[in-house]
Amino acid sequence: MEERVLREISRLNTFPAYVYDLPGLSEHAARIRADFPHEIFYAAKANPDPEILLALRPHVDGFEVASGGELDHVHRTVPGARLAFGGPGKTDEELALAVRLGVERVHVESVRELPRLSGADVLLRANLPFGVEGAALAMSGPFGMDEPELRRCLSLLPPDVRFRGLHAHLASGLDVEDLLKIHCQVLEWAAEFAPEEVNLGGGMAVDYGDPLWRFDWKAYAEGIPDVPFRLRIEPGRAMTAHHGWYVTDVLDVKQTRGETYAILRGGTHHLRTPVTKGHDQPFTVLGDGGRSGTATLVGQLCTPKDVFASRVPVRNLAPGSVVAFDMAGAYAWNISHHDFLMHPKPAFHYVT
Ligand SMILES: *Cc1c(COP(=O)(O)O)cnc(C)c1O
């Protein structure tokens with residue numbers, strides 16, 4: 001953890017809190033920008049916090065939004081930014097908003113969207129049978145279209161809807177080698193359509209078992225073949241995951257039925273990531289004194305699912321200890337069920 005983050009955490013006097021490291025995020029995004037020569041749109045759904053969007057803005061080409069709510073929010077927060085709007089099940093109101101705001105690209109997921117996209121520039125989203133074992137989240141499901149349906153879109157394209165190219169976001173949580181396997185297949189497939197551009201989606205890995213591990217953007221960029229069309233990616237998690245912490249204090253440490261539990265203020269209604277991903281959220285205990293050994297870190301919710309980390313080695317854990325959960329900068333606060341049990345919400349702090 002950077003000194004500036006530790007300093008901010010040591011100044012906190014109410015818990016729980018989220019701490020975001022904006023200089024760290026800017027540096028990280030600038031490095032990605034330097035290593036990756038194609039267009040980068042940040043997938044806002046990973047973390048749409050306004051300060052995060054503003055910190056990323058100088059380092060990305062635009063933002064990808066996946067709902068009318070995100071579209072409205074990002075448009076207001078970073079006025080003038082280039083926007084792409086995707087997602088299944090777009091409503092009349094959402095499509096009208098996209099047209100009215102003149103978003104740069106609409107990612108079309110169904111032939112039914114076309115008649116409502118007068119004047120729009122579109123990418124057709126493909127659901128392709130390419131994959132690799134080990135993808136954390138294969139995007140199989142109602143996303144995009146099979147090739148025949150995609151060709152039907154092309155034949156039914158209204159005259160004032162401009163086909164710009166193709167979109168494919170096929171899996172999440174992949175390292176360089178696996179991502180390239182998929183992306184090379186996508187690019188080869190896409191060439192037949194003579195697109196102006198192809199959006200390869202997001203899905204770059206992070207490692208919740210190793211907070212210091214980083215996706216190798218340079219190796220990824222070097223592995224992408226030369227193609228005669230513009231390329232764009234839209235990463236979310238690997239941009240912001242490492243620059244947020246959920247920080248709280250220990251209310252109680254107790255043993256029951258042979259297990260040691262540390263009960264923390266707050267819970268997975270603030271940081272749902274470990275439950276949804278099925279991992280132990282990495283953490284640091286600040287301060288000294290207290291017990292060492294093995295413990296399960298839980299929150300205040302009355303459900304056995306409220307677990308941050310299960311039977312993990314701990315040091316210096318006691319009531320009053322401060323615990324900072326790492327990698328809480330993406331799919332953390334904004335995917336959590338905040339109102340369950342009506343506990344107070346965390347405060348948000350920004351290292352600047
Ligand atoms: C969620 C999503 C992304 C971002 O995925 P990450 O795994 O966070 O990089 C990009 N594109 C689409 C269409 C998505 O649904």
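Indexing begins at 1, ligand by ligand and atom by atom, following the structure's order. Only heavy atoms go into these numbers, but all of them, side chains included; no hydrogens, no water, no symmetry mates.
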Would you say [X] has any N or O atom under 3.5 Å from an N or O of ligand 1, going by distance alone?
X: G203; answer: yes
X: S172; answer: yes
X: Y331; answer: yes

For ligand 1, the portion of [X] having any non-hydrogen atom under 4.0 Å away:
X: H107; value: neither
X: R125; value: side chain
X: R237; value: both
X: F143; value: neither

- Does the cation-pi check pass for R232 over F41, that is, NZ or CZ under 6.0 Å from the six-membered ring centre and within 45° of its axis?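 Because its charged atom sits under 6.0 Å from the ring centre and within 45° of the axis, R232 does stack over F41.
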Enumerate the atoms of ligand 1 whose separation from the nearest heavy atom of [X] is less than 4.0 angstrom.
X: G202; result: 9 (O), 10 (C)
X: G236; result: 4 (C), 6 (P), 8 (O), 9 (O)
X: P235; result: 9 (O)

- Item | Side-chain donor-acceptor contact under 3.5 Å, Q300 with D306 |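 Result is no, nothing qualifies.
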- May I ask you to check whether F283 and W245 place their ring centres under 6.0 Å from each other?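 Between W245 and F283, the centre distance exceeds or equals 6.0 Å.
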- Query: Any Lys/Arg nitrogen of E39 or R82 sitting under 4.0 Å from an Asp/Glu carboxylate oxygen of the other?
  - Reply: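 Salt bridge between E39 and R82, a charged N being under 4.0 Å from a carboxylate O: yes.
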- Query: Does the distance from a Lys or Arg side-chain N to an Asp or Glu carboxylate O, for R105 and E197, drop under 4.0 Å?
  - Reply: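 So R105 pairs with E197 through a salt bridge.
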- Query: Checking ring-ring contact (aromatic ring centres under 6.0 Å, His included) against F325, which of Y208, F15, F308 comes through?
  - Reply: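 The ring-ring contact (aromatic ring centres under 6.0 Å, His included) with F325 is passed solely by F308 among Y208, F15, F308.
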- Query: So H243 and H28, would you call those rings parallel, tilted or perpendicular, with 30° and 60° as cut-offs?
  - Reply: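 Tilted, since the angle between the ring planes falls between 30° and 60°.
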